[in-house]
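Notes follow the structure.
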Protein chains: 2
Amino acid sequence: MRVPRHVVEARRSRLTELLLERGYLPISELCEELGVSEATARRDLSALESEDRITRTYGGALGEFNATFTSFRERLRHGTEAKGGIARAAAALVKPGMKVYLDAGTTAFAIAQELRRHLPERLTIITNNLALLETLGSLPGAKTIVLGGQLLERQSVLLGNEAVKAAAAQEIDLAFLSAQGMTDTGLWNSQRDIIRLQHAVMKRACRSCFCLDRSKLGRTAPEHLGAWTKVGTLISDLSLPELRQAGITLKPGTLLPTHS
Amino acid sequence: MRVPRHVVEARRSRLTELLLERGYLPISELCEELGVSEATARRDLSALESEDRITRTYGGALGEFNATFTSFRERLRHGTEAKGGIARAAAALVKPGMKVYLDAGTTAFAIAQELRRHLPERLTIITNNLALLETLGSLPGAKTIVLGGQLLERQSVLLGNEAVKAAAAQEIDLAFLSAQGMTDTGLWNSQRDIIRLQHAVMKRACRSCFCLDRSKLGRTAPEHLGAWTKVGTLISDLSLPELRQAGITLKPGTLLPTHS
DNA sequence: TCATAAATGATTGACTTCAATCATATCCAA
DNA sequence: TTGGATATGATTGAAGTCAATCATTTATGA
């Protein structure tokens, strides 16, 4: 029997809420919870999936909550070859007892996963990258510090004055930073707030390593992060000749290549 | 053909890694990723499930990642009747443009969900409760600030000196706080670091509301949070006579009852 | 070295999920 | 008020999932 449109919408909202709260629900529980037949529950799931509000699985569904996280991890899987090499080279620099800063972005995520594999003792990890916390929270014997700041809706990162101020009070042995582009004039990033935080971190770090794969070469972004003279270490799958061809000359010892 | 034990363990570790990265995977993809038959994949899933390292679903499996979150949300669902009332009463105090602090714990989660339903304009939410961020990140027009601090593994909350320092720099209109127990001598909480942060928040807040349901009455915890004279507002499903019977007398106007 | 235990893949049958179809009831707009 | 559109539940057959069983292969320990 047909039912008013707003009732359908309300039920579907409730369904997404339920999935958001519970993470995963099998069809049978959805029917019970919503008081509808399986056929209707499936129809709701189809509708919501085509609006990208949930993710269907065989036998049930996942809340968008999971979708955001998996999409983030999905993004990570793409540049895997290059990013994996960069992450391994970066993680090899980390020694027991160090205080390590990890930037926003998927490269930092790859480094964190690498650290989980080969975990040095008494590590302190400092970051504002919320996507890392699920990974890092379960590291035994490691200490994780979040700088704080304002939550950026789309990206899962904290920025702003609070973040800059907190960074200025830290001691950092090794900072892994990323950027959106590199040209002959230096490094580029998308947002002024990200760059402000990166500057604050660089000022407090004994060593700053920028991690950029070859897809960033020749690209710019709205904001200029800094000239090459300010870069202490560049970890990349690019070679010195490739960089020189793009007009980038580095001081010797600056480039840390990835061996894959 | 039998295979060495360490190979099996390695594959199962890899399986949990995969699920942690992807959130959900159907059996077919698991077989492909791991290079084993369905039968073996299922056996691995059974083994890992009995060790509580993953969650099986019909047709696939979820990473423990989801399990932690759902368990948190599961916990929330239990005290629902009381907590829901408290959350509604609390959310009713929030007016447009306010800066609101939300504490650790499931009560704050309930308040955040309530705020999502009826969202005042230009809200600023300040918190160290990471479990809230997924909920709050999607609130349109609201600003979310995280204080920062050290990540506590079990609880998804940030504490320590960084948190206290950051709290001291905030302006807060309304703070919603919780505690683990209440007796005639005042409020109790489990950890010194939590209490230090709560004190710092109370010092900066125009109004501090403690949210405790009746299950907390008469219970103590390792650390004393403060005497009743310091409590500005108590939101609870308890009545004044019930409190008096437990030896607790409040200044008039302190108790904000829940009407369910 | 040998016997036992363990891991694997294939197969089977019971059970579940799913999309499509259909009849029915009710809404919504003309 | 009326006719078409739409939501719903039941049914059905195809496809998928799952646990149990069995034969085979190989690690492991005595």
Side-chain angles (χ1 to χ4, degrees), chain A residues 1-67 70-71 74 117, chain B residues 1-67 70 74:
Chain A
M1 48 199 107
R2 187 179 183 184
V3 107
R5 188 71 208 161
H6 64 89
V7 172
V8 177
E9 291 303 332
R11 189 186 57 230
R12 293 186 178 167
S13 296
R14 176 122 181 282
L15 202 163
T16 57
E17 289 281 322
L18 274 173
L19 286 175
L20 224 58
E21 286 174 24
R22 308 271 283 272
Y24 168 85
L25 279 177
I27 290 271
S28 58
E29 292 193 29
L30 282 176
C31 300
E32 194 179 347
E33 206 70 58
L34 300 176
V36 295
S37 72
E38 278 197 12
T40 303
R42 284 182 213 286
R43 273 188 275 256
D44 284 352
L45 291 182
S46 295
L48 291 171
E49 186 184 37
S50 67
E51 298 170 29
D52 278 330
R53 294 173 62 186
I54 63 160
T55 307
R56 287 189 76 177
T57 73
Y58 198 96
L62 303 168
E64 170 63 17
F65 163 70
N66 294 284
T70 40
S71 83
E74 217 49 60
R117 293 205 159 293
Chain B
M1 48 204 114
R2 187 178 183 185
V3 108
R5 189 69 207 160
H6 65 89
V7 172
V8 177
E9 290 303 333
R11 189 185 56 232
R12 292 186 178 166
S13 297
R14 175 122 182 282
L15 202 164
T16 56
E17 289 281 319
L18 274 172
L19 287 174
L20 224 59
E21 286 174 24
R22 310 270 284 273
Y24 168 85
L25 279 175
I27 289 271
S28 58
E29 291 194 28
L30 283 177
C31 301
E32 198 179 344
E33 288 292 341
L34 301 176
V36 294
S37 71
E38 276 197 13
T40 302
R42 283 182 213 287
R43 273 188 276 257
D44 283 352
L45 290 182
S46 296
L48 291 171
E49 186 184 37
S50 67
E51 298 170 29
D52 278 332
R53 294 173 60 187
I54 62 160
T55 308
R56 287 188 77 177
T57 73
Y58 198 97
L62 304 169
E64 171 62 18
F65 163 69
N66 294 286
T70 39
E74 218 48 58

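Letters A, B, ... mirror the listed sequences (proteins, then strands); counts begin at 1.
Of the inter-residue distances, the one linking B/Leu25 atom CG with B/Leu15 atom CG reads 8.0 Å to the nearest 0.5 angstrom. Rounded to the nearest 0.5 angstrom, B/Tyr24 OH and A/Leu62 CG are separated by 7.0 Å. With rounding to the nearest 0.5 angstrom, the CZ atom of B/Arg42 is 4.5 Å from the CD1 atom of B/Ile27.
At a threshold of 4.0 angstrom between heavy atoms, the contacts of A/Ser28 with the nucleic acid are absent.
B/Arg11 and B/Thr40 get closest at one heavy-atom pair: NH2-CG2, 3.5 Å. When all heavy atoms of A/Cys31 and A/Ala41 are compared, the pair lying nearest together is SG-CB, 3.9 Å. Contact between A/Arg12 and A/Leu48 at its shortest, heavy atoms only, is O-CD1, 3.8 Å. Residue B/Ala61 comes nearest to B/Ile54 through the heavy atom pair CB-CD1, 4.2 Å, listed as atom of the first residue, atom of the second, then distance.
Summarising the geometry, the separation between CD on A/Glu38 and P on C/dA20 is reported as 16 Å, rounded to the nearest angstrom. When the P atom of D/dT6 is taken as reference, atom CZ of A/Arg11 falls 16 Å away, rounded to whole Å. Counting to the nearest Å, the P atom of C/dT8 and the CG atom of B/Leu34 are 11 Å from each other. Counting to the nearest Å, the P atom of D/dT17 and the CD1 atom of A/Ile27 are 15 Å from each other. Atoms CG (B/Leu25) and P (D/dT17) sit 13 Å apart, rounded to a whole Å. Per the geometry, CD belonging to A/Glu9 stands 9 Å off P belonging to D/dA7, to the nearest Å. As a whole-Å value, the separation of B/Asp44 CG from D/dA19 P is 13 Å. Per the geometry, CG belonging to A/Leu30 stands 16 Å off C1' belonging to C/dT16, to the nearest Å.
Annotation: side chain to side chain contact (heavy atoms under 4.5 Å, CB included) contacts of A/Arg2 (sequence neighbours excluded): none. In terms of the salt bridge (Lys or Arg N to Asp or Glu O under 4.0 Å) criterion, residue partners of B/Arg5 (sequence neighbours excluded) are, by chain and number, B/Glu9. A search for salt bridge (Lys or Arg N to Asp or Glu O under 4.0 Å) contacts involving A/Arg56 returns nothing, not counting sequence neighbours.
In A/Glu17, the CD atom is crowded: over 12 heavy atoms of neighbouring residues, nucleotides or ligands sit closer than 6.0 Å.
Within the helix from C/dT1-D/dA30 to C/dA30-D/dT1, the inter-axis angle between the opening and closing five-pair segments is 40°, rounded to 10°.
Along DNA chain D, the nucleotide closest to A/Ala41 and the one closest to B/Arg43 are compared, and the more 5′ of them pairs with A/Ala41.
For B/Thr40, a side-chain nitrogen or oxygen approaches OP1 or OP2 of C/dG9 to under 4.0 Å.
DNA chain C lies under 4.0 Å from at least one heavy atom of each of the following residues of residues 1-8 of chain B: B/Met1, B/Arg2, B/Val3, B/Arg5, B/Val8.
In this structure, B/Arg22 pairs ionically with B/Glu29, as a charged nitrogen and a carboxylate oxygen lie closer than 4.0 Å.
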Filtered N/O pairs between nucleotides 12-16 of chain D and protein, under 3.5 Å:
from	atom 1	to	atom 2	distance (Å)
D/dG16	O4'	A/Tyr58	OH	3.3

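Under 3.5 Å, the side chain of A/Arg42 and the base of D/dG9 form no donor-acceptor pair of N or O atoms.
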